Amino acid sequence: MHPSRVIIHADFDYFYAQCEERENPMLKDKPVVVCIYSGRSEDSGAVSTANYIARKHGVRAGIPIIMAKRKLKNTDAVFLPANFELYEKVSENIMNILRAYGDAFEQWGIDEAFIEVTQRVNGDFENARQFAQKIQTEILEKEKITVSIGAGPNKLIAKIAAGRQKPQGLTVVKPEEVEGFLAPLPVNELIGVGKKTSVVMEEMGIKTVDDLANYDLEKLIKRFGKILGVYFHNSALGIDESPVKERGMAESISRIWTLKEDTIELDKILEYAYEICTDIQARAVGLNLGFKSVTVHAVLQDMSAHSRSKTFETPTDNLETLKETTKELFQRLLNEIPEDLKARRIGVKISNFTREKQTQKQLTEFVDKT
DNA sequence: GTATGCTTTCGGC
DNA sequence: TTACGGCCGAAAGCATAC
């Protein structure tokens, strides 16, 4: 029998709102709602995150600010605009603490991370519990932020475990406990099982991870294909061999803006879009990245989202290419959306990055010369 | 029939 | 009853290739 790996997943509690509490401790006993204002009218915008006091009143990430205000009327709730510079700085500090505790480290978004601690705890899960407490203590002392931690034999179990007890939770799942831990959970707790897949599985009579674990593998493969079928089967059994490894560069850079006024005029839209192009192209150049894909995005008055994208044969970092492609894609998108609806928000994304820009340039020069 | 890549939509915070 | 951000990666769905 292989000795088990020991993986820890750390999840910063209600992160943005907790950062605000840290900066102003007077907030701690009040509902705190971190908002992103669109600037269109007094309270237009959405909730980014809220502390647990606000959540008790039904405030959730993503709801309109005006709705959150309604739920919190007659309380001393505090509504704050998101301060991303602060959150990024705090995140970076905590990530550096976590990184130092791991044999390997993998950041997951702004407020989550995996660390492999197998060597550090000698493969022992009781040590892992103490180790995790030490991490929680250090982060609390140095950064005044609480985190919830899950420990398990792999990333899948560690992540699910971290979500079981919050805030400031610590859930350790030993290898011999994995089966009992997973069995009663609904399948959508598994990574990769979203809304659509849950529905399909439910139709197949699969509601819990236990149902999935006992489902015939051949039938799973027949329905989901070999890769996904095997992946789901293994996940249900708590099997996940994926390594903890440092993430490289971001996979995409995008910006989206809310328009001052709704419009379907291409020229108006492009005024905004070209500004975004200039910004994200500069960021790509700053990171020395070429991009192969461009996506434009529009949210209409009914809040429906639409996008169009294009992938080049070779990467580029050219601003004019980006603008031309943006124009072409918005033309196409405007032709294909319902005529009676205007655009409310628009965005541009570049992705499919490569660092082979240099090679491509040389190749182009070579072709030009011949 | 499956793998792969591209496009579009979804979902978390 | 409506209301509504910005950014990211994942999921879904399709086309094409083998």
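Everything numeric here is computed off the predicted structure, so don't read it as measured data. Keep in mind that the numbers below use all heavy atoms, side chains included, and drop hydrogens, waters and symmetry copies. Just so it is clear: chains get the letters A, B, ... in the order the sequence lines come, proteins before strands, and each one is counted from 1.
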Under 4.0 Å, heavy atoms only, any strand: does A/Gly62 hit a base, just the sugar-phosphate, or nothing? base
Restricting to pairs with a member in residues 134-163 of chain A, which pass salt bridge (Lys or Arg N to Asp or Glu O under 4.0 Å), not counting sequence neighbours? A/Arg22-A/Glu143, A/Glu106-A/Lys155, A/Glu112-A/Lys159, A/Glu138-A/Lys142
Does a side-chain N-to-carboxylate-O contact under 4.0 Å join A/Lys166 and A/Asp13? no
What is the distance, to the nearest angstrom, from the CG atom on A/Leu190 to the P atom on B/dG12? 15 Å
Quick test: give all pairs of protein nitrogen or oxygen and nucleotides 6-8 of chain C nitrogen or oxygen below 3.5 Å, distance rounded to 0.1 Å.
from  : atom 1 : to       : atom 2 : distance (Å)
C/dG6 : OP2    : A/Thr258 : N      : 3.2
C/dG6 : OP2    : A/Thr258 : OG1    : 2.6
C/dG6 : N7     : A/Arg345 : NH2    : 3.4
C/dC7 : OP2    : A/Ile256 : N      : 2.6
C/dC7 : OP2    : A/Ile256 : O      : 3.2
C/dC8 : OP2    : A/Ser254 : N      : 2.6
C/dC8 : OP2    : A/Ser254 : O      : 3.2
C/dC8 : OP2    : A/Ser254 : OG     : 2.5

Using a heavy-atom cut-off of 4.0 Å across all strands, would you classify A/Asp43 as base, sugar-phosphate, or nothing? nothing
With sequence neighbours left out, the residues meeting side chain to side chain contact (heavy atoms under 4.5 Å, CB included) with A/Glu336 are A/Arg308, A/Arg332
Could you tell me whether A/Val299 contacts a base, only the sugar-phosphate backbone, or nothing, with contacts defined as non-hydrogen atoms closer than 4.0 Å? nothing
Distance test, side-chain N/O of A/Ser309 to OP1/OP2 of B/dT8, below 4.0 Å: yes
Global bending angle along the helix from B/dG1-C/dC18 to B/dC13-C/dG6, which compares the axes of five pairs at either end, to 10 degrees: 20°
Respond yes when some side-chain nitrogen or oxygen of A/Arg40 is under 4.0 Å from OP1 or OP2 of C/dC4, and no when none is. no
List for me each residue that meets side chain to side chain contact (heavy atoms under 4.5 Å, CB included) alongside A/Thr325, sequence neighbours excluded, and say none if there are none. A/Val294, A/Lys310, A/Phe312, A/Thr321, A/Leu329
How many whole angstroms separate atom CD1 of A/Ile110 from atom C1' of B/dG12? 13 Å
Please state how far atom CG in A/Asp302 lies from atom C1' in C/dT2, giving the value in whole angstrom units. 14 Å
Find the distance A/Phe291:CZ to B/dT7:P and express it as a whole number of Å. 15 Å
Stacked cation flag A/Lys292 on A/Phe353, 6.0 angstrom / 45 deg: no
Going by salt bridge (Lys or Arg N to Asp or Glu O under 4.0 Å), name the residues that satisfy it together with A/Arg40, two or more places apart in sequence or in a different chain. A/Asp262
For A/Tyr87, which residues count as a side-chain hydrogen bond (donor to acceptor under 3.5 Å, both in side chains) partner, sequence neighbours excluded? A/Glu20
Side chain to side chain contact (heavy atoms under 4.5 Å, CB included) partners of A/Ala104, counting only residues at least two apart: A/Glu116, A/Val244
Any pair counted as salt bridge (Lys or Arg N to Asp or Glu O under 4.0 Å), so long as it reaches residues 88-100 of chain A, sequence neighbours left out: A/Arg99-A/Glu246
Taking the side chain of A/Met303 as its heavy atoms from C-beta onward, which of B/dC13, C/dC4, B/dT9 lies nearest to it? C/dC4
CE of A/Met201 versus P of C/dA11: gap in Å, rounded? 11 Å
Side chain to side chain contact (heavy atoms under 4.5 Å, CB included) partners for A/Lys260, two or more places apart: A/Tyr272
Whole angstrom is fine here: how far is it from CG in A/Asn352 over to P in B/dT4? 17 Å
note: A/Trp108, atom CH2; B/dG11, atom P; distance rounded to Å ~ 17 Å
Is the cationic atom of A/Lys323 (NZ for Lys, CZ for Arg) positioned less than 6.0 Å from the six-membered ring centroid of A/Tyr274 and within 45 degrees of its normal? yes
Please tabulate the protein-to-nucleotide N/O contacts below 3.5 Å involving nucleotides 15-18 of chain C, giving atom names and distances.
none

Residues two or more places apart in sequence or in another chain: which of them pass side-chain hydrogen bond (donor to acceptor under 3.5 Å, both in side chains) with A/Gln165? A/Thr171
Can you tell me how far C1' of C/dA3 sits from CD of A/Gln301, to the nearest Å? 15 Å
